[in-house]
Colleague: 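Just dropping this structure here.
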Amino acid sequence: EKDTLEQAARRAFLHSAVGCRMDVFFGGGAFDFQAQAAAGFLVDSGVTRAHPEIFHDSVIPSTWQGEPFWDPAGRWVGTVLSSFGICSNPDLLSALHIATPPERWEDLANPRYFGQIALSNPAQSSSANKAFEMLIQQQIHEEHRQKGAAPGQDPQAVAAGWSRALRLLMKIGANAKSFTDASAKVALDVSSGEAAAGMSIDFSARFQSESMRGPDGRSPLIFREAIGGTSVGVDPIGLFRGAPDPALAREFIEFVVSEEGQKLWNWKPNSPGGPRRYALRRLPLLPSLYDSGWRKFRSDPDLNPYEMGREFSYQAAWTGGLFRTISFIFRVMCVDSHDELEDAWRALIEAGFPPEAMEVFENVERVDYAAARGSIREGLGAEKIREVELARELGEHFRNQYRHARDLARRGH
């Protein structure tokens, strides 16, 4: 009877004009928009139907390299393209005697970055969590490559790649100087010299680099997409159910995806069709704006995300249903237990990474792929008290594990 009442209430909501007193949902990643559309909070704006010349497979496909670009039901559309990578401070790199800026996720696990990595807490930043998911996807891809299997065809490669990625995240977390509560703060901390490098979404780093550029054209921030380790996704816009002014909202969505609106994202200030004062350093969705004829107007003339994204294919079946699980695991493994993690990593560095201690340190059996898809995901979907108990249990497990690894390292084992 309860299910029947809930189903009836949902049907009534979906056929109503009930809204949240806002017109548009704008910004964030496709994951959030898919969830809001599935819940019935977003409705068809009519934009994709009005522009079949743009929204089809030969121009802007609904899915590209595994990432959704627009909703076939018209409830949301992408506006700009984003990727993930590494920002770094050239002056601090020089002080650390690091000649080449980091450009692969694995670079951030180098012990020379101990205490010098800025990260966002994925429990507070969906962008940070997406970057971690990219790292995990890359390691699963690499495991398939080494086994000579086609992506997605080898369950053992998926499980092995997951564990391999968690061990890498553990070391990057051990190098962390801080965990911010917002992804934009990573680029700010790196540019100000608080950290030497960090994981960042592209536009935060590019905008920060632009804003810090001196009269000589030099900036204290470098950004590079993670080589082979990032897909290209969209920041969407959608029309809320029951929007107070749906006609104006549709007109705004139309503008954002039009050529006129798209130029504002990446055109240089005071260029024809560009912004007046600041370069936003976002990459537009329209493929035509990457034609050579527009090159002189673009803030990032050498970047074409449609070419860059071909190096990486996102496999939703691997991690798409584990987005919250990834955040939770990193939190208990690296954030809640960071003092013990840092102590163990320091001892391992000083001891030259003795094998027995490293084996203990890198053990991720309690959060392996089977556990992530099973008991951990189930625990996060249960009552809140179960999630708290699970966090306490796993947090204590990793704290004890890191203490043991530290003691073994100090004894040279």
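What you see is a predicted model; the values in this text were computed from it and never measured.
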Colleague: Counting N and O atoms only, with roles assigned by atom type, does the side chain of Gln262 sit under 3.5 Å from a partner on the main chain of Leu286, one being a donor and the other an acceptor?
Modeller: yes
Colleague: Are the side chain of His144 and the backbone N or O of Gly161 linked by a donor-acceptor pair below 3.5 Å?
Modeller: no
Colleague: Looking at side-chain heavy atoms only, is the closest gap between Glu260 and Phe255 below 4.5 Å?
Modeller: yes
Colleague: Could you tell me which non-hydrogen atom of Ala205 sits nearest to which non-hydrogen atom of Phe223, and how far apart they are?
Modeller: CB-CD1, 3.4 Å
Colleague: For Glu340, does its backbone N or O pair with a side-chain atom of Ser337 as donor and acceptor, under 3.5 Å?
Modeller: no
Colleague: Could you check if a side-chain atom of Arg206 sits within less than 4.5 angstrom of a side-chain atom of Ser299, using non-hydrogen atoms only?
Modeller: no
Colleague: Got a donor-acceptor contact below 3.5 angstrom from the Arg250 side chain to the Ser45 backbone?
Modeller: yes
Colleague: Show the nearest heavy-atom pair for residues Pro102 and Ile86, with the distance to one decimal.
Modeller: CG-CG2, 3.6 Å
Colleague: Quick check against the 3.5 Å criterion: does Asn129 have a side-chain atom that pairs as donor or acceptor with the backbone of Phe323?
Modeller: yes
Colleague: Stepwise, does the side-chain hydrogen bond (donor to acceptor under 3.5 Å, both in side chains) test hold for Tyr278 with Glu210?
Modeller: CA-CA 9 Å; Tyr278 301 107; Glu210 180 84 14; over 6 Å; no
Colleague: Using modelled atom types and a 3.5 Å cut-off, is there a donor and acceptor pairing between side-chain atoms of Tyr290 and backbone atoms of Pro284?
Modeller: yes
Colleague: Can you tell me how far CG of Asn89 sits from CG of Leu221, rounded to the nearest 0.5 angstrom?
Modeller: 7.5 Å
Colleague: Flag the pair Phe26 / Phe252 as yes when their ring centroid distance falls below 6.0 Å, and as no otherwise.
Modeller: yes
Colleague: With no hydrogens and no angle check, is any side-chain donor or acceptor of Arg75 less than 3.5 Å from a backbone partner on Gln36?
Modeller: no
Colleague: Could you check Thr48, Val234, Ile237 and say which one makes a side-chain contact (heavy atoms from CB on, under 4.5 Å) with Trp76?
Modeller: Val234
Colleague: Assess whether side-chain contact (heavy atoms from CB on, under 4.5 Å) is satisfied between Arg21 and Phe240, documenting all intermediate values.
Modeller: CA-CA 9 Å; Arg21 300 182 181 179; Phe240 273 125; over 6 Å; no
Colleague: What pairs of donor and acceptor atoms, side-chain ones from residues 359-366 against any protein atom, are under 3.5 angstrom apart with sequence neighbours left out?
Modeller:
from, atom 1, to, atom 2, distance (Å)
Glu362, OE2, Lys171, NZ, 2.6
Asn363, OD1, Glu365, N, 2.9
Arg366, NH2, Glu393, OE2, 2.7

Colleague: Please report the closest heavy-atom contact between Lys147 and Ala157, naming both atoms and the distance.
Modeller: CD-CB, 3.7 Å
Colleague: Could you label the plane-to-plane angle of the Trp64 and Tyr306 rings as parallel, tilted or perpendicular, counting under 30° as parallel and over 60° as perpendicular?
Modeller: perpendicular
Colleague: Quick check for you: to the nearest 0.5 Å, what is the distance between Leu239 atom CG and Asp23 atom CG?
Modeller: 7.5 Å
Colleague: Search all heavy atoms of Glu254 against all heavy atoms of Ala50 and return the closest pair with its distance.
Modeller: OE2-CB, 4.0 Å
Colleague: By side chain to side chain contact (heavy atoms under 4.5 Å, CB included), which residues pair with Gln156, not counting sequence neighbours?
Modeller: Asp154
Colleague: To check you understand the geometry: which heavy-atom pair defines the closest contact between Ser125 and Ser120, and what is its length?
Modeller: CB-CB, 4.1 Å
Colleague: Run the side-chain donor-acceptor check on residues 370-380: report pairs under 3.5 Å with partners two or more places apart or on a different chain.
Modeller:
from, atom 1, to, atom 2, distance (Å)
Arg377, NE, Arg373, O, 3.4
Arg377, NH1, Gly321, O, 3.4
Arg377, NH2, Arg373, O, 3.4

Colleague: Stepwise, does the side-chain contact (heavy atoms from CB on, under 4.5 Å) test hold for Phe328 with Thr325?
Modeller: CA-CA 5 Å; Phe328 177 81; Thr325 305; 5.6 Å; no
Colleague: Looking at Glu142 and Arg104, is any side-chain nitrogen of the basic one under 4.0 Å from a carboxylate oxygen of the acidic one?
Modeller: no
Colleague: Please report the C-alpha distance between Gln137 and Ile140 in whole Å, then the side-chain angles of each, then the deciding distance to 0.1 Å, and finally whether the side-chain contact (heavy atoms from CB on, under 4.5 Å) criterion is met.
Modeller: CA-CA 5 Å; Gln137 288 258 332; Ile140 297 176; 5.8 Å; no
Colleague: Side chains of Glu259 and Ser288: any donor to acceptor distance under 3.5 Å?
Modeller: no
Colleague: Taking C-beta and beyond as the side chain, do Val367 and Trp162 meet within less than 4.5 Å on heavy atoms?
Modeller: no
Colleague: Side chains of Met199 and Val186, heavy atoms from C-beta outward: is any pair under 4.5 Å?
Modeller: no
Colleague: Any side-chain heavy atom of Asn266 sitting closer than 4.5 Å to one from Leu289?
Modeller: no
Colleague: Are the side chain of Ser191 and the backbone N or O of Leu188 linked by a donor-acceptor pair below 3.5 Å?
Modeller: yes
Colleague: When you look at CZ of Phe353, are more than 12 heavy atoms from neighbouring residues, nucleotides or ligands closer to it than 6.0 Å?
Modeller: yes
Colleague: With distance as the sole test, does Asp245 use its side chain to make a donor-acceptor pair with the main-chain N or O of Leu248 at under 3.5 Å?
Modeller: yes
Colleague: If I take atom OG1 from residue Thr180 and atom CD from residue Glu194, how far apart are they, to the nearest 0.5 angstrom?
Modeller: 12.0 Å
Colleague: Are Tyr402 and Met170 close enough, and set up right, to give a side-chain contact (heavy atoms from CB on, under 4.5 Å), and what steps lead you there?
Modeller: CA-CA 11 Å; Tyr402 298 146; Met170 183 184 287; 3.6 Å; yes
Colleague: To the nearest 0.5 Å, how far apart are CG in Asp336 and CZ in Phe330?
Modeller: 10.5 Å
Colleague: In the structure I gave you, are the side-chain heavy atoms of Gln138 and Trp105 within less than 4.5 Å of one another anywhere?
Modeller: yes
Colleague: Is it possible for you to check whether Arg282 lies under 6.0 Å from the centre of the six-membered ring of Phe203, through NZ or CZ, and within 45° of that ring's axis?
Modeller: yes
Colleague: Can you confirm whether Arg392 is buried at CZ, in the sense that more than 12 heavy atoms of other residues, nucleotides or ligands lie under 6.0 Å from that atom?
Modeller: no
Colleague: Are Phe84 and Leu135 side-chain neighbours, meaning at least one heavy-atom pair lies under 4.5 Å?
Modeller: no
Colleague: Flag the pair His141 / Trp318 as yes when at least one side-chain heavy-atom distance between them is below 4.5 Å, and no otherwise.
Modeller: yes
Colleague: Between the side chain of Arg295 and the main-chain N/O of Pro301, is any donor-acceptor distance below 3.5 Å?
Modeller: yes
Colleague: Set out, in order, the CA-CA distance, both residues' side-chain angles and the distance that settles salt bridge (Lys or Arg N to Asp or Glu O under 4.0 Å) for Arg49 and Asp44, then state yes or no.
Modeller: CA-CA 9 Å; Arg49 287 185 286 106; Asp44 183 5; 2.9 Å; yes
Colleague: Check the pair Ser83 / Thr230 against side-chain hydrogen bond (donor to acceptor under 3.5 Å, both in side chains), numbers first and verdict last.
Modeller: CA-CA 6 Å; Ser83 59; Thr230 180; 4.8 Å; no
Colleague: Where do Gly193 and Leu92 come nearest, in terms of heavy atoms and distance?
Modeller: O-CD1, 3.4 Å
Colleague: Give, for atom CZ of Arg218 and atom CE of Met212, the distance between the pair rounded to the nearest 0.5 Å.
Modeller: 11.0 Å
Colleague: Between Trp70 and Phe55, how do the two ring planes meet: parallel, tilted or perpendicular, split at 30° and 60°?
Modeller: perpendicular
Colleague: Rounded to the nearest 0.5 Å, what separates atom SG in Cys334 from atom CD1 in Ile329?
Modeller: 10.5 Å
